[in-house]
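Working notes, beginning with the structure itself.
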Amino acid sequence: MSNHLTRVANFLTRLSNAALWLAGIGLVLMTVFVAWQVFCRYVLNDSPSWTEPGSVMLMSWFIFLGAAVGIRENNHLGFDVLLYVLPKSGKRVLRMISDVVIFAFGAGMIWYGGALVSLTWSTTLPSLGISGAFDYLPLCAGGVLAVIFSLERIVLRLAGEPIDDVLDEVLPTEIAVEMENINADPNVKLKV
């Protein structure tokens, strides 16, 4: 990998880690908000109005940020079933198609999320007192990261980097779990 690609990859790793940390913090905050709402409702008999919309907004953030990190780490939806039976060149083509589809989907998230942000910018969320656009900013942010991370995979694959080789060596999690279950069952005998 060239020096320039290495610097870009390091930056994208830091960006991915920051998104993952923000998603984790959002998950913890949402849990705190919901716990506070339950405590206030059932113990104090006075539920705050901001906890539910605040929790939903935080959930949007950690879902879209986490999904983008999943794209970078190759934990996203893809053509997994066909990958088990295709030769290496066919796997490469399907993974490229998957990354192009993710890129297009991320671009759509940016485009349509941006339209929703602009439509709701002048509205106010009454319980939070902030612009209604904040409901749709996670869609745009997740779209930006999805585009960046899928573009990284496309560029690396076109540059000849062996990004798919690691994927071909690892047994899929589902298969590994099933194999453990089969091996743990004394009634099942595998012929090897």
Transitively linked via ILVMFWY side-chain contacts under 4.5 Å: I25 with L137?
yes
For the residue pair D99 and S150, what are the closest heavy atoms and their distance?
O-CB, 3.6 Å
Identify the two heavy atoms, one from C140 and one from V117, that lie closest to each other, and give their separation to 0.1 Å.
SG-CG2, 4.0 Å
Side-chain heavy atoms under 4.5 angstrom apart, residues restricted to Ile, Leu, Val, Met, Phe, Trp, Tyr: same cluster for W61 and I130?
yes
When rounded to the nearest 0.5 angstrom, what distance separates CD1 in I148 from CZ in F103?
10.0 Å
Within this structure, what is the CD1-CG distance for the pair I63 and L58, rounded to the nearest 0.5 Å?
11.0 Å
Going from CD on E52 to CE on M30, what distance comes out if it is rounded to the nearest 0.5 angstrom?
11.5 Å
Criterion side-chain contact (heavy atoms from CB on, under 4.5 Å) on M109 and F105, from CA distance to verdict
CA-CA 6 Å; M109 289 169 61; F105 190 79; 3.6 Å; yes
Pairwise distance CD1(I71) to CG(L151) - rounded to 0.5 angstrom
12.0 Å
Whether T31 side chain and L27 backbone form a donor-acceptor pair below 3.5 Å
yes
So L15 and F149, side-chain contact (heavy atoms from CB on, under 4.5 Å) or not? Walk me through it.
CA-CA 10 Å; L15 180 63; F149 294 149; 4.2 Å; yes
Looking only at heavy atoms, what is the nearest atom pair of D135 and M57, with distance?
OD1-CE, 3.3 Å
Counting neighbours of CG on N45 that are heavy atoms of other residues, nucleotides or ligands and sit closer than 6.0 Å, is the number greater than 12?
no
Nearest heavy-atom neighbours spanning G106 and V147:
C-CG2, 3.5 Å
Please round to the nearest 0.5 Å and tell me the distance separating atom CG of L128 and atom OG1 of T51.
9.5 Å
Any F62 side-chain heavy atom under 4.5 Å of L29 side chain:
no
Indicate, with yes or no, if V69 and F64 share a hydrophobic cluster defined by side-chain heavy-atom contacts under 4.5 Å among Ile, Leu, Val, Met, Phe, Trp and Tyr.
no
S16 side-chain N/O to L12 backbone N/O, donor-acceptor pair under 3.5 Å
no
Any link between Y112 and L139 through a network of hydrophobic side chains (Ile, Leu, Val, Met, Phe, Trp, Tyr) touching at under 4.5 Å?
no
Would you say the rings of W36 and F33 are close, in the sense that their centroids are separated by under 6.0 Å?
no
Can you name the closest pair of heavy atoms from R153 and R72 and give their distance?
NH1-O, 4.1 Å
Is W21 reachable from V144 through a run of hydrophobic residues whose side-chain heavy atoms are each under 4.5 Å from the next?
no
If you look at every heavy atom in Q37 and S47, which pair is closest and at what distance?
CG-OG, 3.5 Å
When you compare the side chain of V155 with that of E161, does any pair of heavy atoms fall below 4.5 Å?
no
If I take atom OG1 from residue T120 and atom OH from residue Y136, how far apart are they, to the nearest 0.5 angstrom?
6.0 Å
